[in-house]
Protein chains: 2
Amino acid sequence: MTEAALRPQSLSEPIEDTAVTRSLSVTDRIRTAVLSGEFEPGTRLHEVRLSERLGVSRTPIRSALQSLASEGMLDYTPNRGYSVRRFSTSEIVDAYEIRAVMEALAARFAAERGLPEAERAAIERVLAEGDVILANAELGEDERLAYSAVNATFHEAIHSAARCRMLGDMIRVCHSVPHSSHRNVISFEHMDVRRRHDDHHRIYDAILACDAYRAEMLMREHVASVKTSLVRALSGRPLSRRGR
Amino acid sequence: MTEAALRPQSLSEPIEDTAVTRSLSVTDRIRTAVLSGEFEPGTRLHEVRLSERLGVSRTPIRSALQSLASEGMLDYTPNRGYSVRRFSTSEIVDAYEIRAVMEALAARFAAERGLPEAERAAIERVLAEGDVILANAELGEDERLAYSAVNATFHEAIHSAARCRMLGDMIRVCHSVPHSSHRNVISFEHMDVRRRHDDHHRIYDAILACDAYRAEMLMREHVASVKTSLVRALSGRPLSRRGR
DNA sequence: GAGGCTTTACTTGTATACATTATCGCTTGA
DNA sequence: TCAAGCGATAATGTATACAAGTAAAGCCTC
(Lines give C-alpha, C1' and ligand atoms only; values in the text may rest on other atoms or scores of the structure.)
Protein backbone atom coordinates (compact mmCIF):
# COMPACT_ATOMS: atom_id res chain seq x y z
CA MET A 1 0.00 0.00 0.00
CA THR A 2 1.36 3.42 -0.91
CA GLU A 3 1.86 6.25 1.52
CA ALA A 4 -0.76 8.32 -0.25
CA ALA A 5 -3.35 5.65 0.43
CA LEU A 6 -2.56 5.71 4.13
CA ARG A 7 -2.60 9.46 4.55
CA PRO A 8 -6.12 10.75 4.05
CA GLN A 9 -6.21 13.64 1.63
CA SER A 10 -7.78 16.94 2.45
CA LEU A 11 -11.09 17.65 0.84
CA SER A 12 -9.50 20.65 -0.88
CA GLU A 13 -6.86 18.82 -2.88
CA PRO A 14 -7.82 17.24 -6.17
CA ILE A 15 -8.14 13.47 -6.20
CA GLU A 16 -5.00 11.36 -6.43
CA ASP A 17 -5.93 8.18 -8.20
CA THR A 18 -4.27 5.62 -5.96
CA ALA A 19 -7.45 3.75 -4.99
CA VAL A 20 -9.10 1.16 -7.18
CA THR A 21 -11.94 3.43 -8.24
CA ARG A 22 -12.75 7.08 -7.76
CA SER A 23 -15.90 6.12 -5.86
CA LEU A 24 -13.84 4.32 -3.24
CA SER A 25 -11.27 7.05 -2.75
CA VAL A 26 -14.00 9.69 -2.57
CA THR A 27 -15.79 7.56 0.02
CA ASP A 28 -12.66 7.42 2.18
CA ARG A 29 -12.07 11.14 1.94
CA ILE A 30 -15.60 12.16 2.82
CA ARG A 31 -15.66 9.62 5.66
CA THR A 32 -12.44 11.04 7.08
CA ALA A 33 -13.74 14.57 6.74
CA VAL A 34 -16.98 13.76 8.56
CA LEU A 35 -15.26 11.80 11.34
CA SER A 36 -12.76 14.61 11.87
CA GLY A 37 -15.64 17.00 12.36
CA GLU A 38 -14.98 19.03 9.22
CA PHE A 39 -18.74 19.18 8.68
CA GLU A 40 -21.10 20.09 11.49
CA PRO A 41 -23.79 17.53 12.29
CA GLY A 42 -26.86 18.37 10.27
CA THR A 43 -24.88 19.91 7.42
CA ARG A 44 -26.23 19.03 4.02
CA LEU A 45 -23.73 17.55 1.61
CA HIS A 46 -24.51 18.92 -1.84
CA GLU A 47 -23.47 16.65 -4.67
CA VAL A 48 -22.39 19.42 -7.05
CA ARG A 49 -20.37 21.32 -4.47
CA LEU A 50 -18.55 18.16 -3.38
CA SER A 51 -17.92 17.22 -6.99
CA GLU A 52 -16.40 20.64 -7.65
CA ARG A 53 -14.25 20.50 -4.50
CA LEU A 54 -12.97 17.03 -5.27
CA GLY A 55 -12.67 17.50 -9.01
CA VAL A 56 -14.78 14.50 -9.99
CA SER A 57 -18.23 14.16 -11.46
CA ARG A 58 -21.39 13.64 -9.46
CA THR A 59 -21.43 9.90 -10.17
CA PRO A 60 -18.69 8.80 -7.75
CA ILE A 61 -19.90 11.39 -5.25
CA ARG A 62 -23.39 9.89 -5.23
CA SER A 63 -21.95 6.44 -4.83
CA ALA A 64 -19.81 7.58 -1.90
CA LEU A 65 -22.68 9.35 -0.16
CA GLN A 66 -24.84 6.26 -0.50
CA SER A 67 -22.10 4.12 1.05
CA LEU A 68 -21.63 6.46 3.97
CA ALA A 69 -25.37 6.63 4.56
CA SER A 70 -25.52 2.84 4.75
CA GLU A 71 -22.65 2.96 7.25
CA GLY A 72 -24.95 5.09 9.38
CA MET A 73 -22.82 8.20 9.12
CA LEU A 74 -25.17 10.24 6.92
CA ASP A 75 -28.92 10.65 6.76
CA TYR A 76 -30.70 10.32 3.44
CA THR A 77 -34.09 11.60 2.36
CA PRO A 78 -35.27 10.78 -1.18
CA ASN A 79 -35.27 13.80 -3.45
CA ARG A 80 -33.66 15.85 -0.70
CA GLY A 81 -30.20 14.41 -0.42
CA TYR A 82 -27.70 13.61 2.30
CA SER A 83 -26.75 15.34 5.53
CA VAL A 84 -24.29 14.62 8.32
CA ARG A 85 -26.06 12.52 10.90
CA ARG A 86 -26.63 14.12 14.25
CA PHE A 87 -26.02 11.76 17.16
CA SER A 88 -27.76 12.54 20.40
CA THR A 89 -25.99 11.75 23.66
CA SER A 90 -28.28 8.79 24.18
CA GLU A 91 -27.43 7.39 20.76
CA ILE A 92 -23.74 7.63 21.54
CA VAL A 93 -24.26 5.85 24.84
CA ASP A 94 -26.43 3.21 23.17
CA ALA A 95 -23.70 2.62 20.61
CA TYR A 96 -21.34 1.60 23.42
CA GLU A 97 -23.93 -0.82 24.71
CA ILE A 98 -24.33 -2.33 21.25
CA ARG A 99 -20.60 -2.48 20.76
CA ALA A 100 -20.30 -4.18 24.14
CA VAL A 101 -22.57 -7.10 23.23
CA MET A 102 -20.99 -7.43 19.78
CA GLU A 103 -17.41 -7.43 21.00
CA ALA A 104 -18.38 -9.78 23.78
CA LEU A 105 -19.77 -12.17 21.21
CA ALA A 106 -16.56 -11.82 19.21
CA ALA A 107 -14.54 -12.74 22.30
CA ARG A 108 -16.78 -15.74 22.85
CA PHE A 109 -16.37 -16.89 19.25
CA ALA A 110 -12.61 -16.50 19.58
CA ALA A 111 -12.63 -18.63 22.73
CA GLU A 112 -14.86 -21.28 21.15
CA ARG A 113 -12.94 -21.44 17.89
CA GLY A 114 -9.41 -21.09 19.19
CA LEU A 115 -6.96 -18.27 18.63
CA PRO A 116 -5.10 -18.46 15.31
CA GLU A 117 -1.35 -18.11 15.59
CA ALA A 118 -1.21 -14.67 13.93
CA GLU A 119 -3.77 -13.18 16.32
CA ARG A 120 -2.17 -14.85 19.33
CA ALA A 121 1.16 -13.29 18.44
CA ALA A 122 -0.38 -9.88 17.83
CA ILE A 123 -2.20 -9.92 21.16
CA GLU A 124 0.87 -11.02 23.12
CA ARG A 125 2.89 -8.26 21.46
CA VAL A 126 0.43 -5.49 22.29
CA LEU A 127 -0.09 -6.80 25.82
CA ALA A 128 3.68 -6.56 26.36
CA GLU A 129 3.83 -3.12 24.78
CA GLY A 130 1.00 -1.99 27.01
CA ASP A 131 2.83 -3.30 30.07
CA VAL A 132 5.84 -1.19 29.14
CA ILE A 133 3.85 1.96 28.46
CA LEU A 134 1.90 1.68 31.70
CA ALA A 135 5.07 1.10 33.75
CA ASN A 136 5.42 4.88 33.77
CA ALA A 137 3.80 6.61 36.70
CA GLU A 138 2.31 9.32 34.48
CA LEU A 139 1.30 9.17 30.84
CA GLY A 140 2.39 11.92 28.44
CA GLU A 141 0.66 12.67 25.18
CA ASP A 142 2.96 10.28 23.29
CA GLU A 143 2.27 7.43 25.66
CA ARG A 144 -1.45 7.99 25.40
CA LEU A 145 -1.34 7.89 21.63
CA ALA A 146 0.82 4.79 21.74
CA TYR A 147 -1.53 3.08 24.14
CA SER A 148 -4.45 4.06 21.97
CA ALA A 149 -2.87 2.15 19.07
CA VAL A 150 -2.18 -0.81 21.35
CA ASN A 151 -5.79 -0.84 22.44
CA ALA A 152 -7.06 -0.72 18.86
CA THR A 153 -4.81 -3.58 17.80
CA PHE A 154 -5.93 -5.73 20.72
CA HIS A 155 -9.58 -5.35 19.83
CA GLU A 156 -9.01 -5.81 16.11
CA ALA A 157 -7.12 -9.03 16.73
CA ILE A 158 -10.11 -10.41 18.59
CA HIS A 159 -12.55 -9.35 15.89
CA SER A 160 -10.41 -11.15 13.41
CA ALA A 161 -10.11 -14.22 15.64
CA ALA A 162 -13.91 -14.42 15.80
CA ARG A 163 -13.84 -15.37 12.11
CA CYS A 164 -17.30 -14.01 11.46
CA ARG A 165 -17.72 -11.51 8.67
CA MET A 166 -21.14 -10.27 9.72
CA LEU A 167 -19.95 -9.57 13.24
CA GLY A 168 -16.92 -7.69 11.95
CA ASP A 169 -19.10 -5.61 9.65
CA MET A 170 -21.42 -4.65 12.49
CA ILE A 171 -18.64 -3.72 14.85
CA ARG A 172 -17.22 -1.52 12.09
CA VAL A 173 -20.53 0.30 11.84
CA CYS A 174 -20.33 1.11 15.54
CA HIS A 175 -17.18 3.07 14.83
CA SER A 176 -18.95 5.62 12.67
CA VAL A 177 -20.49 6.96 15.88
CA PRO A 178 -18.47 9.87 17.25
CA HIS A 179 -16.71 9.19 20.59
CA SER A 180 -17.26 5.48 20.15
CA SER A 181 -13.99 4.38 18.63
CA HIS A 182 -11.21 2.26 20.09
CA ARG A 183 -8.93 5.27 19.87
CA ASN A 184 -10.76 7.19 22.54
CA VAL A 185 -8.98 5.83 25.57
CA ILE A 186 -7.07 9.11 25.45
CA SER A 187 -9.75 11.01 27.22
CA PHE A 188 -9.85 9.06 30.44
CA GLU A 189 -7.89 8.77 33.65
CA HIS A 190 -4.68 6.88 34.21
CA MET A 191 -6.20 4.43 36.66
CA ASP A 192 -8.95 3.65 34.18
CA VAL A 193 -6.37 2.83 31.54
CA ARG A 194 -4.52 0.53 33.95
CA ARG A 195 -7.70 -1.28 34.80
CA ARG A 196 -8.62 -1.70 31.15
CA HIS A 197 -5.20 -3.03 30.34
CA ASP A 198 -5.67 -5.57 33.10
CA ASP A 199 -9.01 -6.46 31.51
CA HIS A 200 -7.12 -7.16 28.28
CA HIS A 201 -4.86 -9.61 30.07
CA ARG A 202 -7.80 -11.43 31.61
CA ILE A 203 -9.73 -11.55 28.36
CA TYR A 204 -6.71 -13.03 26.64
CA ASP A 205 -6.34 -15.61 29.38
CA ALA A 206 -10.00 -16.57 29.09
CA ILE A 207 -9.74 -16.97 25.32
CA LEU A 208 -6.58 -19.04 25.63
CA ALA A 209 -8.34 -21.25 28.16
CA CYS A 210 -11.30 -21.59 25.76
CA ASP A 211 -13.50 -20.22 28.53
CA ALA A 212 -16.16 -18.74 26.25
CA TYR A 213 -18.46 -17.61 29.03
CA ARG A 214 -15.73 -15.73 30.90
CA ALA A 215 -14.33 -14.17 27.74
CA GLU A 216 -17.76 -12.89 26.77
CA MET A 217 -18.59 -11.60 30.21
CA LEU A 218 -15.26 -9.82 30.67
CA MET A 219 -15.37 -8.21 27.25
CA ARG A 220 -18.90 -6.99 27.74
CA GLU A 221 -18.05 -5.34 31.02
CA HIS A 222 -14.80 -4.02 29.53
CA VAL A 223 -16.56 -2.14 26.74
CA ALA A 224 -19.61 -1.17 28.77
CA SER A 225 -17.38 0.37 31.44
CA VAL A 226 -16.16 2.87 28.87
CA LYS A 227 -19.77 3.93 28.51
CA THR A 228 -19.95 4.49 32.25
CA SER A 229 -16.81 6.61 32.17
CA LEU A 230 -18.23 8.56 29.27
CA VAL A 231 -21.50 9.23 31.04
CA ARG A 232 -19.61 10.34 34.12
CA ALA A 233 -17.37 12.64 32.08
CA LEU A 234 -20.38 14.02 30.24
CA SER A 235 -22.47 14.70 33.30
CA GLY A 236 -20.85 18.10 33.73
CA ARG A 237 -20.62 19.27 30.13
CA PRO A 238 -23.40 17.93 27.91
CA LEU A 239 -22.16 16.74 24.55
CA SER A 240 -25.30 17.51 22.63
CA ARG A 241 -28.15 19.88 23.26
CA ARG A 242 -30.54 17.37 21.74
CA GLY A 243 -29.84 14.50 24.12
CA ARG A 244 -32.90 12.84 25.57
CA MET B 1 -49.40 2.93 1.40
CA THR B 2 -50.88 1.54 -1.80
CA GLU B 3 -51.53 -2.10 -2.44
CA ALA B 4 -48.98 -2.15 -5.25
CA ALA B 5 -46.29 -1.09 -2.81
CA LEU B 6 -47.12 -4.01 -0.54
CA ARG B 7 -47.14 -6.67 -3.20
CA PRO B 8 -43.61 -7.19 -4.54
CA GLN B 9 -43.49 -7.19 -8.32
CA SER B 10 -41.94 -9.95 -10.34
CA LEU B 11 -38.61 -9.20 -11.93
CA SER B 12 -40.19 -9.75 -15.34
CA GLU B 13 -42.82 -7.05 -15.19
CA PRO B 14 -41.83 -3.51 -16.07
CA ILE B 15 -41.47 -1.08 -13.18
CA GLU B 16 -44.62 0.43 -11.71
CA ASP B 17 -43.68 3.83 -10.43
CA THR B 18 -45.36 3.76 -7.05
CA ALA B 19 -42.22 4.15 -4.97
CA VAL B 20 -40.54 7.49 -4.35
CA THR B 21 -37.69 6.82 -6.76
CA ARG B 22 -36.85 4.13 -9.28
CA SER B 23 -33.73 3.26 -7.29
CA LEU B 24 -35.81 2.39 -4.26
CA SER B 25 -38.38 0.29 -6.07
CA VAL B 26 -35.64 -1.53 -7.98
CA THR B 27 -33.89 -2.19 -4.67
CA ASP B 28 -37.03 -3.77 -3.22
CA ARG B 29 -37.61 -5.92 -6.25
CA ILE B 30 -34.09 -7.27 -6.45
CA ARG B 31 -34.05 -7.86 -2.70
CA THR B 32 -37.28 -9.84 -2.92
CA ALA B 33 -35.97 -11.83 -5.87
CA VAL B 34 -32.76 -12.74 -4.06
CA LEU B 35 -34.50 -13.64 -0.80
CA SER B 36 -37.00 -15.81 -2.66
CA GLY B 37 -34.11 -17.72 -4.18
CA GLU B 38 -34.74 -16.59 -7.75
CA PHE B 39 -30.97 -16.28 -8.17
CA GLU B 40 -28.64 -19.04 -7.07
CA PRO B 41 -25.97 -18.05 -4.54
CA GLY B 42 -22.88 -17.03 -6.44
CA THR B 43 -24.82 -15.80 -9.47
CA ARG B 44 -23.43 -12.62 -10.94
CA LEU B 45 -25.92 -9.80 -11.33
CA HIS B 46 -25.12 -8.01 -14.59
CA GLU B 47 -26.14 -4.39 -14.65
CA VAL B 48 -27.25 -4.29 -18.29
CA ARG B 49 -29.27 -7.49 -18.11
CA LEU B 50 -31.07 -6.31 -15.00
CA SER B 51 -31.69 -2.92 -16.54
CA GLU B 52 -33.22 -4.57 -19.62
CA ARG B 53 -35.38 -6.90 -17.52
CA LEU B 54 -36.65 -4.09 -15.34
CA GLY B 55 -36.94 -1.50 -18.08
CA VAL B 56 -34.81 1.16 -16.38
CA SER B 57 -31.34 2.49 -17.03
CA ARG B 58 -28.20 1.24 -15.35
CA THR B 59 -28.14 4.16 -12.91
CA PRO B 60 -30.91 3.00 -10.53
CA ILE B 61 -29.71 -0.59 -10.95
CA ARG B 62 -26.23 0.35 -9.76
CA SER B 63 -27.69 2.23 -6.83
CA ALA B 64 -29.84 -0.75 -5.87
CA LEU B 65 -26.98 -3.23 -6.12
CA GLN B 66 -24.83 -1.02 -3.92
CA SER B 67 -27.59 -0.84 -1.31
CA LEU B 68 -28.08 -4.59 -1.29
CA ALA B 69 -24.35 -5.18 -1.00
CA SER B 70 -24.21 -2.92 2.05
CA GLU B 71 -27.10 -4.92 3.53
CA GLY B 72 -24.81 -7.92 3.23
CA MET B 73 -26.93 -9.69 0.64
CA LEU B 74 -24.54 -9.29 -2.30
CA ASP B 75 -20.79 -9.45 -2.69
CA TYR B 76 -18.99 -6.68 -4.53
CA THR B 77 -15.59 -6.66 -6.19
CA PRO B 78 -14.40 -3.41 -7.79
CA ASN B 79 -14.36 -3.55 -11.59
CA ARG B 80 -16.01 -6.97 -11.45
CA GLY B 81 -19.47 -6.28 -10.14
CA TYR B 82 -21.97 -7.87 -7.81
CA SER B 83 -22.93 -11.46 -7.12
CA VAL B 84 -25.42 -13.14 -4.81
CA ARG B 85 -23.70 -13.83 -1.52
CA ARG B 86 -23.19 -17.43 -0.62
CA PHE B 87 -23.84 -18.17 3.04
CA SER B 88 -22.17 -21.20 4.53
CA THR B 89 -24.01 -23.19 7.17
CA SER B 90 -21.76 -21.74 9.83
CA GLU B 91 -22.55 -18.20 8.72
CA ILE B 92 -26.27 -18.92 8.98
CA VAL B 93 -25.82 -20.35 12.45
CA ASP B 94 -23.64 -17.40 13.46
CA ALA B 95 -26.33 -15.03 12.25
CA TYR B 96 -28.76 -16.52 14.78
CA GLU B 97 -26.20 -16.00 17.51
CA ILE B 98 -25.75 -12.38 16.50
CA ARG B 99 -29.48 -11.86 16.23
CA ALA B 100 -29.85 -13.40 19.68
CA VAL B 101 -27.61 -10.86 21.40
CA MET B 102 -29.12 -7.97 19.43
CA GLU B 103 -32.71 -8.88 20.14
CA ALA B 104 -31.82 -9.55 23.74
CA LEU B 105 -30.41 -6.05 23.98
CA ALA B 106 -33.57 -4.70 22.38
CA ALA B 107 -35.66 -6.49 25.01
CA ARG B 108 -33.46 -5.03 27.72
CA PHE B 109 -33.81 -1.50 26.33
CA ALA B 110 -37.57 -1.98 26.16
CA ALA B 111 -37.63 -3.06 29.80
CA GLU B 112 -35.39 -0.18 30.89
CA ARG B 113 -37.24 2.45 28.91
CA GLY B 114 -40.77 1.26 29.39
CA LEU B 115 -43.21 -0.09 26.83
CA PRO B 116 -45.00 2.63 24.82
CA GLU B 117 -48.76 2.21 24.67
CA ALA B 118 -48.83 1.32 20.97
CA GLU B 119 -46.32 -1.49 21.36
CA ARG B 120 -47.99 -2.73 24.53
CA ALA B 121 -51.30 -3.01 22.72
CA ALA B 122 -49.71 -4.71 19.71
CA ILE B 123 -47.96 -7.28 21.89
CA GLU B 124 -51.08 -8.07 23.92
CA ARG B 125 -53.03 -8.51 20.70
CA VAL B 126 -50.57 -10.95 19.14
CA LEU B 127 -50.13 -12.84 22.40
CA ALA B 128 -53.90 -13.37 22.50
CA GLU B 129 -53.99 -14.34 18.82
CA GLY B 130 -51.20 -16.80 19.42
CA ASP B 131 -53.09 -18.34 22.35
CA VAL B 132 -56.09 -18.91 20.05
CA ILE B 133 -54.04 -20.41 17.23
CA LEU B 134 -52.16 -22.74 19.53
CA ALA B 135 -55.36 -23.93 21.23
CA ASN B 136 -55.69 -26.34 18.31
CA ALA B 137 -54.11 -29.72 18.84
CA GLU B 138 -52.57 -29.73 15.39
CA LEU B 139 -51.49 -26.83 13.21
CA GLY B 140 -52.50 -26.73 9.55
CA GLU B 141 -50.70 -24.70 6.92
CA ASP B 142 -52.99 -21.71 7.52
CA GLU B 143 -52.38 -21.73 11.26
CA ARG B 144 -48.66 -21.92 10.73
CA LEU B 145 -48.67 -18.94 8.40
CA ALA B 146 -50.88 -17.04 10.83
CA TYR B 147 -48.57 -17.84 13.72
CA SER B 148 -45.61 -16.80 11.63
CA ALA B 149 -47.15 -13.34 11.24
CA VAL B 150 -47.91 -13.22 14.96
CA ASN B 151 -44.31 -14.07 15.74
CA ALA B 152 -42.98 -11.40 13.41
CA THR B 153 -45.24 -8.74 14.90
CA PHE B 154 -44.18 -9.64 18.44
CA HIS B 155 -40.51 -9.23 17.66
CA GLU B 156 -41.01 -6.06 15.64
CA ALA B 157 -42.93 -4.48 18.49
CA ILE B 158 -40.00 -5.08 20.79
CA HIS B 159 -37.48 -3.68 18.30
CA SER B 160 -39.60 -0.60 18.08
CA ALA B 161 -39.97 -0.36 21.86
CA ALA B 162 -36.17 -0.40 22.18
CA ARG B 163 -36.19 3.06 20.58
CA CYS B 164 -32.70 2.66 19.17
CA ARG B 165 -32.22 3.22 15.46
CA MET B 166 -28.80 1.60 15.23
CA LEU B 167 -30.04 -1.56 16.92
CA GLY B 168 -33.04 -1.73 14.60
CA ASP B 169 -30.80 -1.29 11.56
CA MET B 170 -28.53 -4.11 12.68
CA ILE B 171 -31.34 -6.51 13.41
CA ARG B 172 -32.70 -5.78 9.95
CA VAL B 173 -29.37 -6.75 8.43
CA CYS B 174 -29.62 -10.14 10.16
CA HIS B 175 -32.75 -10.81 8.13
CA SER B 176 -30.90 -10.76 4.84
CA VAL B 177 -29.41 -14.09 5.85
CA PRO B 178 -31.43 -17.01 4.44
CA HIS B 179 -33.26 -19.15 7.05
CA SER B 180 -32.75 -16.43 9.63
CA SER B 181 -36.01 -14.55 9.43
CA HIS B 182 -38.83 -14.30 11.97
CA ARG B 183 -41.07 -16.01 9.45
CA ASN B 184 -39.26 -19.31 9.70
CA VAL B 185 -41.13 -20.77 12.64
CA ILE B 186 -43.00 -22.75 9.99
CA SER B 187 -40.35 -25.35 9.68
CA PHE B 188 -40.33 -26.58 13.25
CA GLU B 189 -42.35 -28.85 15.48
CA HIS B 190 -45.57 -28.06 17.24
CA MET B 191 -44.11 -28.41 20.70
CA ASP B 192 -41.32 -26.02 19.78
CA VAL B 193 -43.87 -23.44 18.69
CA ARG B 194 -45.79 -23.81 21.96
CA ARG B 195 -42.63 -23.35 23.95
CA ARG B 196 -41.65 -20.27 21.96
CA HIS B 197 -45.05 -18.78 22.43
CA ASP B 198 -44.68 -19.30 26.16
CA ASP B 199 -41.31 -17.54 25.90
CA HIS B 200 -43.14 -14.59 24.36
CA HIS B 201 -45.46 -14.39 27.35
CA ARG B 202 -42.57 -14.45 29.78
CA ILE B 203 -40.58 -11.89 27.86
CA TYR B 204 -43.58 -9.60 27.85
CA ASP B 205 -44.01 -10.07 31.59
CA ALA B 206 -40.36 -9.26 32.20
CA ILE B 207 -40.54 -6.10 30.12
CA LEU B 208 -43.74 -4.99 31.87
CA ALA B 209 -42.03 -5.56 35.21
CA CYS B 210 -39.04 -3.52 34.00
CA ASP B 211 -36.88 -6.55 34.73
CA ALA B 212 -34.16 -5.74 32.21
CA TYR B 213 -31.90 -8.64 33.11
CA ARG B 214 -34.64 -11.24 32.81
CA ALA B 215 -35.99 -9.78 29.57
CA GLU B 216 -32.53 -9.87 28.02
CA MET B 217 -31.74 -13.35 29.23
CA LEU B 218 -35.07 -14.81 28.09
CA MET B 219 -34.89 -13.20 24.67
CA ARG B 220 -31.37 -14.39 24.10
CA GLU B 221 -32.25 -17.96 24.90
CA HIS B 222 -35.46 -17.61 22.88
CA VAL B 223 -33.64 -16.68 19.67
CA ALA B 224 -30.63 -18.89 20.28
CA SER B 225 -32.87 -21.89 20.74
CA VAL B 226 -34.02 -21.50 17.14
CA LYS B 227 -30.40 -21.92 16.19
CA THR B 228 -30.28 -25.16 18.12
CA SER B 229 -33.42 -26.44 16.38
CA LEU B 230 -31.92 -25.45 13.06
CA VAL B 231 -28.68 -27.26 13.72
CA ARG B 232 -30.62 -30.33 14.80
CA ALA B 233 -32.80 -30.20 11.69
CA LEU B 234 -29.76 -29.70 9.49
CA SER B 235 -27.71 -32.50 10.97
CA GLY B 236 -29.26 -35.01 8.56
CA ARG B 237 -29.42 -32.95 5.39
CA PRO B 238 -26.59 -30.40 5.12
CA LEU B 239 -27.79 -27.03 3.84
CA SER B 240 -24.59 -26.06 2.10
CA ARG B 241 -21.69 -28.08 0.80
CA ARG B 242 -19.34 -25.31 1.90
CA GLY B 243 -20.16 -25.33 5.60
CA ARG B 244 -17.24 -25.49 7.96
C1' DG C 1 1.20 -29.57 -27.09
C1' DA C 2 1.95 -26.17 -23.30
C1' DG C 3 2.67 -21.64 -21.96
C1' DG C 4 2.46 -16.93 -22.59
C1' DC C 5 1.15 -12.90 -25.27
C1' DT C 6 -2.24 -10.20 -27.95
C1' DT C 7 -6.53 -9.12 -29.31
C1' DT C 8 -11.42 -8.73 -28.81
C1' DA C 9 -15.76 -8.82 -26.64
C1' DC C 10 -17.96 -7.54 -22.73
C1' DT C 11 -18.56 -5.40 -18.14
C1' DT C 12 -18.07 -1.90 -14.99
C1' DG C 13 -16.60 3.10 -13.93
C1' DT C 14 -17.23 7.97 -15.04
C1' DA C 15 -18.94 12.17 -17.09
C1' DT C 16 -22.63 14.77 -18.62
C1' DA C 17 -27.13 16.15 -20.40
C1' DC C 18 -31.75 16.05 -19.39
C1' DA C 19 -36.02 15.09 -16.31
C1' DT C 20 -38.16 15.58 -12.13
C1' DT C 21 -38.83 17.21 -7.66
C1' DA C 22 -38.36 20.42 -3.72
C1' DT C 23 -37.74 25.06 -2.00
C1' DC C 24 -38.51 29.73 -1.52
C1' DG C 25 -39.91 34.16 -2.80
C1' DC C 26 -43.50 36.65 -4.97
C1' DT C 27 -47.96 37.84 -6.30
C1' DT C 28 -52.74 37.95 -5.74
C1' DG C 29 -56.88 37.56 -3.58
C1' DA C 30 -59.86 37.44 0.40
C1' DT D 1 -52.46 40.98 7.14
C1' DC D 2 -52.43 36.43 5.99
C1' DA D 3 -53.05 32.48 3.18
C1' DA D 4 -52.98 30.13 -1.07
C1' DG D 5 -51.21 29.66 -5.46
C1' DC D 6 -47.76 30.41 -8.86
C1' DG D 7 -43.27 30.52 -10.78
C1' DA D 8 -38.21 30.78 -10.72
C1' DT D 9 -34.28 28.47 -9.00
C1' DA D 10 -31.57 24.92 -7.57
C1' DA D 11 -31.18 20.54 -5.99
C1' DT D 12 -31.54 15.41 -6.79
C1' DG D 13 -33.02 11.41 -10.05
C1' DT D 14 -32.33 9.18 -14.51
C1' DA D 15 -30.59 8.09 -19.06
C1' DT D 16 -26.87 7.61 -22.03
C1' DA D 17 -22.35 8.06 -24.20
C1' DC D 18 -17.77 7.22 -23.53
C1' DA D 19 -13.49 5.51 -20.78
C1' DA D 20 -11.17 1.95 -18.62
C1' DG D 21 -10.71 -2.32 -16.88
C1' DT D 22 -11.39 -7.64 -17.02
C1' DA D 23 -11.70 -12.09 -18.95
C1' DA D 24 -11.63 -15.31 -22.49
C1' DA D 25 -10.53 -16.70 -27.06
C1' DG D 26 -7.14 -17.05 -30.43
C1' DC D 27 -2.53 -16.77 -31.96
C1' DC D 28 2.28 -17.25 -31.73
C1' DT D 29 6.42 -19.09 -29.86
C1' DC D 30 9.13 -22.56 -27.90
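Residue numbers start from 1 in every chain, and the chains themselves are labelled A, B, ... in the order their sequence lines are given, proteins ahead of strands.
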- Indicate, with a heavy-atom threshold strictly under 4.0 Å, whether L65(B) touches base, sugar-phosphate, or nothing. nothing
- Item | Residues forming a ring pair (Phe, Tyr, Trp, His ring centres under 6.0 Å) with H222(A), sequence neighbours excluded | H155(A), H200(A)
- By salt bridge (charged side-chain N to carboxylate O under 4.0 Å, His left out) - contacts of R172(B) (at least two apart): D169(B)
- Query: Do the charged groups of R120(B) and E124(B) touch, with an N to O distance under 4.0 Å?
  - Reply: yes
- Message: How many whole angstroms separate atom CD of E52(B) from atom C1' of dT11(C)?
- Response: 13 Å
- Task: Could you tell me which residues satisfy side-chain contact (heavy atoms from CB on, under 4.5 Å) with A161(A), sequence neighbours excluded, listed by chain and number?
- Result: A110(A), L115(A), P116(A), E119(A)
- Message: Are the side chains of M73(A) and L35(A) in contact, using a 4.5 Å heavy-atom criterion?
- Response: yes
- Query: Looking at DNA chain C, which of residues 72-80 of chain A put a heavy atom within less than 4.0 Å of it?
  - Reply: N79(A), R80(A)
- Query: For R80(B), does its backbone N or O pair with a side-chain atom of R44(B) as donor and acceptor, under 3.5 Å?
  - Reply: yes
- Query: Quick one: do the S23(A) and T21(A) side chains pair a donor with an acceptor below 3.5 Å?
  - Reply: no
- E47(B) has a side chain; which of dA11(D), dG13(D), dT12(C) sits nearest to it? dT12(C)
- Pairs flagged by ring-ring contact (aromatic ring centres under 6.0 Å, His included) wherever residues 59-79 of chain A is involved - sequence neighbours left out: Y76(A)-Y82(A)
- Note on the structure: Between R44(A) and R49(B), the residue closer to the 5' end of DNA chain C by nearest nucleotide is R49(B)
Enumerate all atom pairs, one protein N or O and one N or O from nucleotides 14-18 of chain D, separated by less than 3.5 Å.
unit_1	atom_1	unit_2	atom_2	d
dT14(D)	OP1	R22(B)	N	2.4
dT14(D)	OP1	S23(B)	N	3.4
dT14(D)	OP2	S23(B)	OG	2.7
dT14(D)	O3'	R22(B)	NE	3.3
dA15(D)	OP1	R22(B)	NE	3.2
dA15(D)	OP2	S57(B)	N	2.8
dA15(D)	OP2	S57(B)	OG	2.6
dA15(D)	O5'	S57(B)	OG	3.4
dA15(D)	N7	T59(B)	OG1	2.6

